[in-house]
Amino acid sequence: MARDPAVPRHVAIVMDGNGRWAKKRFLPRFFGHKAGVDALVKVINACADRGVEYLTVFAFSSENWKRPEDEVSGLMGLVIVAVTKYLAKLARDGVRITIVGDRSTVSERLRAAWAEAEDSTQHNHRITLSVAFNYGGRWDVVQACQQALAAGLKPEQITEAALSGFMAMRHAPDPDLFIRTGGEVRISNFLLWQVAYSELVFTDCLWPDFGVAELDAALADYAGRDRRFGRVDSGSGPA
Ligand code: IPE
Ligand code: IPE
Ligand code: MG
């Protein structure tokens, strides 16, 4: 069956606003992050039901280490909790999980949880969920260059296509739709290389409140966009 061009193949989300969601309820920030995990699980299935093939979410940025130590360790611990709570369900739901980011500076326990999530879902095809954790767009460009050099590429072989092949997101096409919740209108070092031609949607909705209705609103916004990729006429994809 041909896919509907009005539905983005790849959706990327900056899941922002957890802390403010908790603050509004006089709860510690951690509760906002916890509610954010529950919101994510619903959004994964809703995306898959609507024909989205790739969903990439920003869970922890290279810069989030600057947060208080208890929040950082809370977020690390939440990964383990989330894997324990939801991995079996996501595996049953046909979700393939991949982690993108620098694994060298996270704990062995976290690396093991990620490996378990990836290994137990590697044969799934319904939707690919990429979790950006300890990820930064600049980190990704630098590590791709390092890999290219280590592979012995000559300067003239460093092309856009070659570099894309070394990026952490090489398993997915570039995002068609980029959503940021939480009201801030910035990229915050998410997929810098890959969002070159993404359609951007910013919403004030705080991430834990983001559900099917908000997703459908963003998808409707996307469906109305005219993607030209530099051309005069509109087209259905990069030429
Ligand atoms: C996003 O929510 C989650 C992470 C960055 C880990 P925040 O924690 O940034 O929530 P706000 O922006 O402070 O409300
Ligand atoms: C971006 O949110 C990172 C994640 C959602 C994981 P931040 O809350 O860290 O972004 P800034 O600091 O407001 O730009
Ligand atoms: Mg934030």
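As the structure lists them, so they are numbered: ligands from 1, and atoms in each ligand from 1. Starting from 1, each residue takes its place in the sequence as its number.
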*Which of the numbered atoms in ligand 2 are below 4.0 angstrom from a heavy atom of Phe60?*
6 (C)
*Check whether any side-chain heavy atom of Glu116 sits under 4.5 Å from a side-chain heavy atom of Leu87, and report yes or no.*
yes
_Protein heavy atom at shortest distance from atom 10 (O) of ligand 1_ = Gly19 N, 2.9 Å
*Side chain, backbone, both or neither: which part of Arg186 comes within less than 4.0 Å of ligand 2 when only heavy atoms are counted?*
side chain
*Following the transitive rule for hydrophobic clusters with a side-chain heavy-atom cut-off under 4.5 Å over Ile, Leu, Val, Met, Phe, Trp and Tyr, establish whether Phe202 and Val14 coincide in one cluster.*
yes
*asked:* Could you walk me through whether Asp174 and Arg9 satisfy the salt bridge (charged side-chain N to carboxylate O under 4.0 Å, His left out) test, starting with their C-alpha distance in whole Å, then the side-chain angles of each, then the deciding distance to 0.1 Å, before giving a yes or no?
replied: CA-CA 9 Å; Asp174 288 346; Arg9 205 172 159 212; over 6 Å; no
*Derivation and outcome, side chain to side chain contact (heavy atoms under 4.5 Å, CB included), residues Glu214 and Val43*: CA-CA 10 Å; Glu214 289 74 19; Val43 167; over 6 Å; no
*Report yes or no: does Ala59 have a heavy atom closer than 4.0 Å to ligand 1?*
yes
*Proximal ligand 1 atoms for Met15, defined as those under 4.0 Å from one of its heavy atoms*: 1 (C), 2 (O), 3 (C)
*asked:* With a 4.0 Å cut-off on heavy atoms, is Lys23 in contact with ligand 1?
replied: no
*By number and element, which atoms of ligand 2 are closer than 4.0 Å to a non-hydrogen atom of Ser188?*
10 (O), 11 (P), 14 (O)
*Within-cut-off N or O pair, Asn64 and ligand 1, under 3.5 Å*: no
_Which residue and atom name correspond to the protein heavy atom nearest atom 7 (P) of ligand 1, and how close is it?_
Asp16 OD1, 3.5 Å
*asked:* Quick test of your reading of the model: are Lys85 and Asp38 salt-bridged, counting only N-O distances below 4.0 Å?
replied: yes
*Does a salt bridge link Glu199 with Arg228, judged by any charged N lying under 4.0 Å from a carboxylate O?*
no
*Which atoms from ligand 1 have a heavy atom of Arg20 less than 4.0 Å away?*
11 (P), 12 (O), 14 (O)
*Take Val141 and Leu192 through the side chain to side chain contact (heavy atoms under 4.5 Å, CB included) test and state the conclusion after the steps.*
CA-CA 8 Å; Val141 173; Leu192 297 181; 5.5 Å; no
*Below 4.0 Å from any atom of ligand 1, is there a heavy atom belonging to Gly17?*
yes
_Evaluate Arg180 for polar contact with ligand 2, using N/O atom pairs at a separation under 3.5 Å._
yes
_Let me check your reading of the structure: within less than 2.8 Å of the Mg ion (ligand 3), is there an N/O/S atom from Asp16?_
yes
*Which residue and non-hydrogen atom of the protein lie closest to atom 1 (C) of ligand 2, and at what distance in Å?*
Val14 CG1, 3.9 Å
_Could you check whether any side-chain heavy atom of Val131 comes within less than 4.5 Å of a side-chain heavy atom of Val100, counting everything from C-beta outward?_
no
_Name of the residue among Phe60, Trp139, Phe133 meeting ring pair (Phe, Tyr, Trp, His ring centres under 6.0 Å) with Trp65_ = Phe60
*Within a strict 4.5 Å, meaning less than it, do heavy atoms of the Leu219 and Arg50 side chains meet?*
yes
_For ligand 1 and Asn18, I'd like to know whether there is a polar contact (N/O to N/O, distance under 3.5 Å)._
yes
*Quick one: which ligand 2 atoms are inside 4.0 Å of a heavy atom on Arg67?*
7 (P), 8 (O), 9 (O)
*For atom 13 (O) of ligand 1, find the nearest protein heavy atom and state the residue, atom name and distance (0.1 Å precision).*
Arg29 NH2, 2.9 Å
*Any chance you could lay out the side chain to side chain contact (heavy atoms under 4.5 Å, CB included) test for His10 and Met169, step after step, and finish with the verdict?*
CA-CA 11 Å; His10 184 175; Met169 286 300 300; 3.6 Å; yes
